[in-house]
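The figures that follow rest on heavy atoms only: side chains count, while hydrogens, waters and symmetry mates do not. Just so you know, ligand 1 is whichever comes first in the structure, and atom 1 is the first atom listed for that ligand.
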Amino acid sequence: MNLYNIKHPTQRVNFAQAVRQGLGKDQGLFFPAQIPQLDNIEQLLALPLVERSQAILSALIGEEIPREQLNQMVQNAFTFPAPVVKVEEGIYALELFHGPTLAFKDFGGRFMAQALAAVRGDGKITILTATSGDTGAAVAHAFYGLQNIDVVILYPQGKISPLQEKLFCTLGGNIRTVAVKADFDACQALVKQAFDDDALRQAIGLNSANSINISRLLAQVCYYFEAVAQLPPQARDNLVVSVPSGNFGNLTAGLIAKTLGLPIKRFIAATNANDTVPRYLADGNWAPHATQATLSNAMDVSRPNNWPRVEELFRRNGWPLSDLHSAAVSDGQTEDTLRAMYAAGYLCEPHGAVAYRVLQQDLQPGESGLFLCTAHPAKFKESVERILSIQLQLPAALDKHNRLPLLSDTMENDFAALKAYLLHK
Ligand SMILES: *Cc1c(COP(=O)(O)O)cnc(C)c1O
């Protein structure tokens, strides 16, 4: 697989390099030089999720990873289903939250872990990351049990929900979690300092495995195929897909699926009050505001870092950017929508509700709609219970972690202490 840096197109890398490096020169994003047009879409749609995903990823990645090894990676990563549920006439939900941390990031995170394990070379690898809650869980579960990859996750002590803490601080093994006596920004600053320390980086093979890694996007392409495969045939024509967007990785993956030939008529990018993209599409000015906290907090992003990839795809495919519809949904509207959905028989959470609302507003006669449900309602238990006046059961997987003891170490906000911790396992 050949990829180039969108900022410096002369910088070329293969899949292994792109996965290991994450970002290119000047923080540029890597992007596939070619995306093939698949001529066997119908046959692919007839396959089960894992087999189909192996074929799609093989078409994208090529011979760089031997097919047998790739098959194994996909099988290890995609261990849970992505069901499509009919919500009302002509509108369907794609539930992406049946993985171990109950959010769609399990798809990308688990495949990225497999990819990194496959292309790592000989040296030791240490994944170091800071979390304010959710990404830590996805990273910890994705890398748990992988040989010769250590994971260290920093989080602000007492500032994440007890449930979130239980979800990733109870694993042990190759996952070490550290409660830092400081806030999230301080945790992030410690991580940055570690990456700036060349000697430390070399010594422990530091890697960030962060959200812009190309392997995540490639994995996410697969569930768009899974959605179309499950839709009734009449809903496959004129299909509109609404994506609840924060960093716009999810939307990028959908656009890659369309480029491969998956029959999707158009996409909708739904955001919360962090509305840089809908404003940009309306007036052509890229003018991020300060980030606002909202109910759909995984989408609280005002400078979406995958946006250059979205524009690159539209440009390369010759699609007008005006084909991409986008709108922002306020917290008040999100609450109303959640209540209306619940009354109509579908229990959702804020991120999915944002996507549903914009889809419902934008869908034209003759079109069918699909919206992506990116998190389990129990993951946003406090807001969902308050808004809907109900009590939610925890899914069994979460409940199991809830009963286990916390294994975290604690640390002062002190880089020397972190360095010693990382060097002396
Ligand atoms: C990360 C996340 C999103 C946003 O996805 P992007 O790829 O960043 O646009 C939406 N919903 C949930 C629950 C998330 O965790």
Side-chain angles (χ1 to χ4, degrees), residues 29 82 93-112 129 131-142 160-161 163-164 167-168 210-224 241-257 267-278 291 293-311 313 324 326-329 334 338 348-359 371-384 398:
L29 301 167
L94 173 63
E95 296 189 343
L96 298 171
F97 52 73
H98 296 282
T101 72
L102 305 181
F104 85 101
K105 290 196 175 69
D106 283 326
F107 277 97
R110 289 173 68 82
F111 184 72
M112 174 176 62
T129 187
T131 185
S132 54
D134 282 350
T135 45
V139 168
H141 284 263
I160 70 175
S161 84
L163 186 64
Q164 280 176 325
L167 194 51
F168 70 98
N210 65 17
S211 66
I212 42 70
N213 199 291
I214 190 73
S215 58
R216 280 183 185 261
L217 294 188
L218 300 184
Q220 289 175 243
V221 169
C222 299
Y223 56 66
Y224 286 91
V241 178
S242 179
V243 184
S245 296
N247 263 324
F248 284 72
N250 209 351
L251 178 69
T252 307
L255 293 166
I256 294 175
F267 285 90
I268 296 173
T271 74
N272 60 28
N274 296 287
D275 59 353
T276 307
V277 166
T291 306
T294 74
L295 283 171
S296 46
N297 57 37
M299 292 157 38
D300 290 351
V301 179
S302 54
R303 295 169 193 273
N305 55 23
N306 274 300
W307 183 255
R309 284 173 167 154
V310 172
E311 286 209 17
L313 267 169
L324 179 64
S326 184
V329 177
T334 304
L338 267 180
C348 201
E349 55 70 51
H351 304 78
V354 165
Y356 169 80
R357 176 158 186 124
V358 182
L359 178 65
F371 65 103
L372 273 47
C373 290
T374 45
H376 194 290
K379 194 133 193 185
F380 293 89
K381 196 171 184 293
E382 287 82 4
S383 355
V384 173
L398 260 192

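- At least one donor-acceptor pair closer than 3.5 Å links the side chain of S161 to the backbone N or O of Q164.
- Here the side chain of S326 pairs a donor or acceptor atom with the backbone of A269 at under 3.5 angstrom.
- Of the heavy atoms in M299, only side-chain atoms (C-beta onward) come closer than 4.0 Å to ligand 1.
- Near S245, the atoms of ligand 1 lying under 4.0 angstrom from a non-hydrogen atom of the residue are 9 (O).
- At a heavy-atom cutoff of 4.0 Å, ligand 1 is contacted by no atom of A103, backbone or side chain.
- When hydrogens are left out, the protein atom nearest atom 11 (N) of ligand 1 is T374 OG1, 2.8 Å; that is the closest non-hydrogen contact.
- When only modelled atom types and interatomic distance are considered, D300 and T291 share no side-chain donor-acceptor pair under 3.5 Å.
- Remark: side-chain polar atoms of D275 are not paired, donor with acceptor, to backbone N or O of A328 under 3.5 angstrom.
- Nearest to atom 5 (O) of ligand 1 by heavy-atom distance, out of F248, F380, F104, F97, is F104.
- Taking atom 8 (O) of ligand 1 as the reference point, the nearest protein heavy-atom neighbour is N247 N, 2.7 Å.
- T252 and N306 share no donor-acceptor pair across their side chains, judged by distance under 3.5 Å alone.
- Protein heavy atom nearest atom 7 (O) of ligand 1, with residue, atom name and distance: N250 N, 2.9 Å.
- Summary of contacts: the protein heavy atom closest to atom 2 (C) of ligand 1 is K105 NZ, 2.5 Å.
- Scanning the protein for heavy atoms near atom 4 (C) of ligand 1, the closest one is G246 N, 3.6 Å.
- Residue A375 has at least one heavy-atom neighbour below 4.0 Å for each of these atoms of ligand 1: 13 (C).
- Each of the following atoms of ligand 1 lies closer than 4.0 Å to a heavy atom of P244: 4 (C), 10 (C).
- Taking the six-membered ring for Trp and thresholds of 30 and 60 degrees, H351 and F380 have ring planes inclined between 30 and 60 degrees apart.
- Less than 4.0 angstrom separates some heavy atom of G249 from each of these atoms of ligand 1: 6 (P), 7 (O), 9 (O).
- With hydrogens and angles disregarded, no donor-acceptor distance shorter than 3.5 Å links the side chain of N247 to the backbone of G249.
- K105 places no side-chain N or O within donor-acceptor distance of the main-chain N or O of A375, the cut-off being under 3.5 Å.
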